[in-house]
Each structure stands twice: as structure tokens, then as C-alpha cells.
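These values consider heavy atoms only, across backbone and side chains, with no hydrogens, waters or symmetry-generated copies.
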Amino acid sequence: MTLFYKILKISVLSLVLIIRSTLDLLGQPVSLIVIDPLVEKEIRNIAGNYPGQKVVILPDEGNPLKYIASELKKSMYDEIHLYLLTKPGSIIFDEINIIPENIQDYSGDFGEWKSVTKPEFKIVIHSEDLASGQEGLFLVKKITEFTGREVIVKK
């Protein structure tokens, strides 16, 4: 095989890979937007702020962390935005309340997020007051530890 044909073959393979990866990315949301039903009415039309992204509202029953993990498995998102009820040192879902005293109970659920996301994946928690004290900072630190991903609390 001459050098010309080798170069041609490599070029065609490269072009196929580029086209395939581009087609895979087209239409794929980059962010997963998760809204807890407890705050849904307060943040009406949040989906309008994220055109083309995947927006889900958590179901009223079941473990929300497992539900989120199942959503994360569906696509290779770059980040997740969590809109949920919080107070200093507490993340409140309809079914569970995560506080420093029980966060270890959810380490496996958060750990599952790590197994279904890219290393550069970011977790953005939208909260005015979660990290306003030591307990909230502890929760953020533990979520970072369990997921192995960057956690950002955004006001």
C-alpha cells in the first residue's frame, strides 16, 4: 500500500469519526435541570432559561437521588442544576431531608452519580442559604467527596 493510500485511509477514518461524534452531539442536552416539586411553583418557567436542555421534575414518591442517577445514565451531561428546597445545612426533598447527621446514609446514592458522569461533570445547587453556615459547607464537602465531582452552590 502506497503512502498516498495510507494517508487517504487515515483521512477518511478521521472524517468518519468527526462526523459521527458531531452527529452524536447534535440535539444532546449539555445540562440536566432537576426541579423538586416543592419549589416548582416558585420558579415557574425555569425551563425557559435553559433552551435545549433536559428539564425534569422529580416525582412525588421515591428516592430522588436514585431518580436523578437514572436520568444521568441517559446522556453524558456536562452539569446538573438542582432547584430544590434548602435551608442552612439542609437539603429538603419531598421524601427525604439530607442533613449532616444523615448524609452518610446517602453516600451510595451520591456515589452512583460518580459512576454515570464524566470526571469534569459539575453539580450546581441553586440555593440562597444552603452553604451559609458550617453545616451547609459540610454537606457540600460530603457531596463532593461522595460524587467525586465539583459542587457549586449558586445564589
Side-chain angles (χ1 to χ4, degrees), residues 14 17-155:
S14 298
L17 290 174
I18 290 169
I19 291 171
R20 182 177 174 180
S21 63
T22 302
L23 289 175
D24 287 343
L25 290 176
L26 289 176
Q28 292 245 358
V30 175
S31 300
L32 176 63
I33 315 305
V34 177
I35 302 170
D36 188 87
L38 295 174
V39 298
E40 182 182 7
K41 291 177 185 158
E42 296 174 20
I43 56 168
R44 289 186 183 104
N45 300 321
I46 194 70
N49 294 337
Y50 298 98
Q53 304 311 310
K54 172 89 183 247
V55 178
V56 297
I57 297 177
L58 292 172
D60 290 331
E61 296 180 1
N63 181 330
L65 301 176
K66 288 187 183 301
Y67 179 84
I68 292 168
S70 72
E71 286 294 324
L72 290 172
K73 289 177 188 175
K74 295 177 183 177
S75 185
M76 289 304 291
Y77 298 104
D78 290 335
E79 61 188 15
I80 184 171
H81 289 261
L82 301 171
Y83 288 90
L84 38 95
L85 190 60
T86 63
K87 56 184 183 180
S90 180
I91 297 173
I92 305 163
F93 292 102
D94 197 29
E95 292 271 320
I96 61 175
N97 184 11
I98 302 174
I99 55 175
E101 291 78 18
N102 71 3
I103 191 162
Q104 191 66 39
D105 298 342
Y106 301 102
S107 62
D109 296 328
F110 282 116
E112 192 174 349
W113 294 17
K114 180 178 185 174
S115 69
V116 297
T117 58
K118 307 184 262 190
E120 62 274 8
F121 181 79
K122 290 186 175 113
I123 301 166
V124 181
I125 302 172
H126 293 267
S127 171
E128 290 290 323
D129 53 8
L130 173 64
S132 63
Q134 290 300 318
E135 290 179 328
L137 294 173
F138 177 79
L139 285 179
V140 171
K141 178 182 173 209
K142 295 308 274 184
I143 294 169
T144 301
E145 179 184 313
F146 297 150
T147 62
R149 305 297 181 248
E150 181 180 3
V151 178
I152 302 163
V153 178
K154 193 173 185 178
K155 294 181 180 187

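- Of the inter-residue distances, the one linking Thr86 atom OG1 with Leu38 atom CG reads 11.5 Å to the nearest 0.5 angstrom.
- Residues Leu65 and Ile98 are in side-chain contact: their nearest non-hydrogen atoms beyond the backbone lie under 4.5 Å apart.
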Apply side-chain contact (heavy atoms from CB on, under 4.5 Å) to the pair Asp78 and Lys118, showing each step before the final yes or no.
-> CA-CA 7 Å; Asp78 290 335; Lys118 307 184 262 190; 2.4 Å; yes
Apply the test side-chain contact (heavy atoms from CB on, under 4.5 Å) to residues Tyr50 and His81: give CA-CA distance (whole Å), side-chain angles for both, the deciding distance (0.1 Å), then the verdict.
-> CA-CA 10 Å; Tyr50 298 98; His81 289 261; 3.4 Å; yes
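- Across all their heavy atoms, Gly89 and Pro100 have their closest contact at O-CD, 3.3 Å.
- A parallel orientation is assigned to the rings of His126 and Tyr83, their planes being inclined by less than 30° (bins at 30° and 60°).
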Under the side-chain contact (heavy atoms from CB on, under 4.5 Å) rule, what do Ile80 and Phe121 come out as? Steps first, then yes or no, please.
-> CA-CA 8 Å; Ile80 184 171; Phe121 181 79; 3.5 Å; yes
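- Across Leu139 and Ser90, no two heavy atoms sit closer than the pair CD1-N, 3.7 Å.
- How far NZ of Lys154 is from CG of Leu130: 15.5 Å, rounded to the nearest 0.5 Å.
- Residues Ile68 and Leu82 are in side-chain contact: their nearest non-hydrogen atoms beyond the backbone lie under 4.5 Å apart.
- Summarising the geometry of Leu84 relative to Ile92, their closest heavy-atom pair is CB-O, 4.4 Å, with the distance given to 0.1 Å.
- For the atom pair CG of Asp109 and OH of Tyr67, the computed distance is 15.5 Å after rounding to the nearest 0.5 Å.
- Residues Ile123 and Arg149 approach most closely at CD1-CB, 4.2 Å, considering heavy atoms.
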When you look at Ile57 and Glu40, which way does the side-chain contact (heavy atoms from CB on, under 4.5 Å) test go after all the steps?
-> CA-CA 8 Å; Ile57 297 177; Glu40 182 182 7; 2.9 Å; yes
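- Taking OH from Tyr106 and CD1 from Ile99, the interatomic distance works out to 9.0 Å, rounded to the nearest 0.5 Å.
- Here Thr117 contributes atom OG1 and Glu112 contributes atom CD; the two are 10.5 Å apart, rounded to the nearest 0.5 Å.
- A heavy-atom distance below 4.5 Å is found between the side chains of Gln53 and Val30.
- Residues Phe146 and Gln104 have side chains in contact (heavy-atom distance under 4.5 Å, counting atoms from C-beta outward).
- For the atom pair CD of Glu42 and CD1 of Ile35, the computed distance is 11.5 Å after rounding to the nearest 0.5 Å.
- More than 12 heavy atoms of other residues, nucleotides or ligands lie within 6.0 Å of NZ in Lys54, so this atom counts as buried by the packing criterion.
- Closest non-hydrogen pair, Asp60 versus Glu95, comes out as O-OE2, 3.3 Å.
- Nearest heavy atoms, Pro64 versus Leu58: CB-CD1, 3.8 Å.
- Inter-residue side-chain proximity for Ile103 and Ile143 is flagged as met; some heavy-atom pair is nearer than 4.5 Å.
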